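Step one of this worksheet: look at the structure below.
Whatever order the structure lists them in is the order used to number ligands and atoms, beginning at 1. This is a predicted model, so every value here is computed, not measured.
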Amino acid sequence: MVVMLQPVPKCKPSPVLIPVVDLTDPDAKTQIVKACEELGFFKVVNHGVRPDLLTHLHEEATKFFALPQSLKDKAGPADPFGYGSKRIGPNGDVGCIEYILLNANIHLSSTKTSAVFQQTPAIFRESVEEYKEEMKRMSSKVLEMIEQELRIEPKGKLSKLVKVKESDSCLRMNYYKEKEESTAKEEIGFGEHTDPQLISVLRSNDTEGLQICLKDGTWVAVPPDHSSFFVIVGDTLQVMTNGRFKSVKHRVLTNTKRSRLSMIYFAGPPLTETIAPLSCLVPKQDDYLYKELTWAQYKSSGYKTKLGDYRLGLFEKQLPLYLSNV
Ligand SMILES: C=C1C[C@]23C[C@@]1(O)CC[C@H]2[C@@]12CC[C@H](O)[C@@](C)(C(=O)O1)[C@H]2[C@@H]3C(=O)O
Ligand SMILES: O=C(O)CCC(=O)C(=O)O
Ligand SMILES: [Fe+2]
């Protein structure tokens, strides 16, 4: 089957600096909130994740993506979990990508893909499990800092959503293969979109490709840094802060010379959790920009949309008729 790839949109070089937050800095909470308000995106250093865990996982994932196509296909198609190639999601989106999407609550060896992953070395499976734990720790730490800075009550309101065993989080490993010199041109690896969850924690090798969209619509390239993590604000956090934090649009353009490998942990709430603006941040219900939906409702409607669709519209309150005509 032939899959048509979309033309590449332009990205202006920009002097915008990505905020860098040292998680051990006493001022980190303030810096995180500022970055979430201004950009919906920041880089994390001094995160405490063992560098050798990152190295092992990277090496093993690289070996997985180098397996024969017929073997990798046995771990797919992604529906949504499993191995996927080119197709992203169920609604016709495509990119120059291969990936593994995993439910963070299910052990790698007890998925439908287990037959394939059983053939990967134990260190791969163990590293994936340890990495998921580390990402849960880091994402709940970031959410705790946001809670403290914004004085969100009750304590743990945001971080608990990720810490509990019912948290609907997932882990994605994306592989964007380099191109042969003769066909060298940039293509869309992962089209523009916002992430639906609370926050996403991304780590990649030193190959560029990730871009974020500023509030004025300008796309800027994010310089890669294999030893740091990047935090992306998702739709759910935008709703809970009543739009004070913005979920940032992002995309990946494939680099012609070197392959890019990224791992993203999507920190999501339990399926039964009701998502709505937090009353401690917005005392008057009339000021709520969004209505309430459970995460399960948002997710299932969101999975009927295309990657670049504006999913937050599902949450938006209808204006009363007398106002919508003004
Ligand atoms: C086109 C789609 C892929 C996606 C599900 C969706 O219908 C719309 C949201 C997409 C997204 C973007 C962020 C994450 O990569 C992802 C796993 C998620 O939670 O929402 C993907 C979904 C996917 O690839 O299944
Ligand atoms: O692969 C990347 O660097 C980012 C991909 C992404 O945005 C996603 O998987 O949601
Ligand atoms: Fe994303």
Side-chain angles (χ1 to χ4, degrees), residues 6 18 40-41 43 58 61 65 76-105 135 139 167-177 187-213 219 221-226 228-238 246-255 258-269 271 275 295-314:
Q6 302 114 315
I18 306 295
F41 188 84
K43 172 164 148 169
H58 181 96
F65 288 113
D79 64 349
F81 300 118
Y83 167 80
S85 168
K86 292 196 177 69
R87 295 173 185 286
I88 300 172
N91 306 313
D93 290 284
V94 287
C96 295
I97 188 174
E98 286 179 60
Y99 61 89
I100 308 170
L101 187 55
L102 300 168
N103 180 330
N105 287 335
M135 292 303 100
S139 47
S167 138
D168 182 36
S169 300
C170 48
L171 177 68
R172 172 168 215 143
M173 297 184 191
N174 290 335
Y175 178 66
Y176 308 91
K177 197 177 188 319
E187 280 175 307
I188 294 205
F190 207 112
E192 66 178 72
H193 65 283
T194 60
D195 292 347
Q197 294 80 0
L198 289 152
I199 53 172
S200 314
V201 182
L202 180 150
R203 188 257 170 193
S204 77
N205 65 352
D206 276 334
T207 302
E208 62 237 11
L210 180 65
Q211 299 181 351
I212 57 168
C213 188
W219 284 95
V222 177
D225 177 356
H226 74 278
S228 305
F229 287 86
F230 292 96
V231 172
I232 300 173
V233 170
D235 297 342
T236 300
L237 199 52
Q238 171 160 340
K246 291 278 186 289
S247 57
V248 63
K249 253 200 269 172
H250 53 285
R251 67 185 183 196
V252 175
L253 297 189
T254 55
N255 184 289
R258 280 177 302 145
S259 301
R260 172 179 167 90
L261 184 75
S262 57
M263 296 183 239
I264 310 107
Y265 183 82
F266 302 96
L271 287 166
I275 310 301
W295 168 243
Q297 286 170 321
Y298 186 53
K299 201 175 143 177
S300 67
S301 306
Y303 266 80
K304 296 191 184 101
T305 62
K306 302 253 308 178
L307 192 56
D309 285 349
Y310 178 65
R311 276 175 286 282
L312 274 171
L314 298 163

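Using a 4.5 Å cut-off on side-chain heavy atoms (C-beta onward), Asp195 and His250 make contact. For the pair Leu253 and Ile188, the minimum side-chain heavy-atom distance is below 4.5 Å. Side-chain contact between Phe65 and Tyr176 is absent, with no heavy atoms from C-beta onward closer than 4.5 Å.
At least one donor-acceptor pair closer than 3.5 Å links the side chain of Ser169 to the backbone N or O of Gly268.
In terms of heavy-atom proximity, Leu312 sits nearest to Ser247 at CD1-OG, 3.8 Å. Taking each heavy atom of Ile275 and Trp295 in turn, the nearest pair found is CG1-N, 4.0 Å. In terms of heavy atoms, Ser167 sits closest to Asn105 at O-ND2, 2.7 Å. When every heavy atom of Ala78 is checked against every heavy atom of Pro80, the shortest pair comes out as CB-O, 3.2 Å. The minimum heavy-atom distance linking Arg251 with Gly191 is given by the pair CB-C, 3.9 Å.
Atom OD1 is the N/O/S atom of Asp195 found closest to the Fe ion (ligand 3). Checked against the Fe ion (ligand 3), the N, O or S atom of His193 at the shortest distance is NE2.
When heavy-atom distances to ligand 1 are checked against 4.0 Å, the residues falling inside are Pro80, Ile88, Gly89, Pro90, Asn91, Asp93, Leu101, Arg172, Phe190, His193, Asp195, Pro196, Gln197, Phe266, Gly302, Tyr303, Thr305, Leu307, Arg311, ordered by chain and number.
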Could you go through ligand 2 and list every pair where one of its N or O atoms sits under 3.5 Å from a protein N or O, giving the atom names and the distance to one decimal?
{"unit_1": "ligand 2", "atom_1": "1 (O)", "unit_2": "Asn174", "atom_2": "ND2", "d": "3.0"}
{"unit_1": "ligand 2", "atom_1": "1 (O)", "unit_2": "Tyr176", "atom_2": "OH", "d": "2.5"}
{"unit_1": "ligand 2", "atom_1": "1 (O)", "unit_2": "Ser262", "atom_2": "OG", "d": "2.6"}
{"unit_1": "ligand 2", "atom_1": "3 (O)", "unit_2": "Arg260", "atom_2": "NE", "d": "3.4"}
{"unit_1": "ligand 2", "atom_1": "3 (O)", "unit_2": "Arg260", "atom_2": "NH2", "d": "2.6"}
{"unit_1": "ligand 2", "atom_1": "3 (O)", "unit_2": "Ser262", "atom_2": "OG", "d": "3.4"}
{"unit_1": "ligand 2", "atom_1": "7 (O)", "unit_2": "His193", "atom_2": "NE2", "d": "3.1"}
{"unit_1": "ligand 2", "atom_1": "7 (O)", "unit_2": "His250", "atom_2": "NE2", "d": "3.0"}
{"unit_1": "ligand 2", "atom_1": "9 (O)", "unit_2": "Asn174", "atom_2": "ND2", "d": "3.2"}
{"unit_1": "ligand 2", "atom_1": "10 (O)", "unit_2": "His193", "atom_2": "NE2", "d": "3.1"}
{"unit_1": "ligand 2", "atom_1": "10 (O)", "unit_2": "Asp195", "atom_2": "OD1", "d": "3.4"}

Full working for side-chain contact (heavy atoms from CB on, under 4.5 Å) between His226 and Arg203: CA-CA 7 Å; His226 74 278; Arg203 188 257 170 193; 3.6 Å; yes

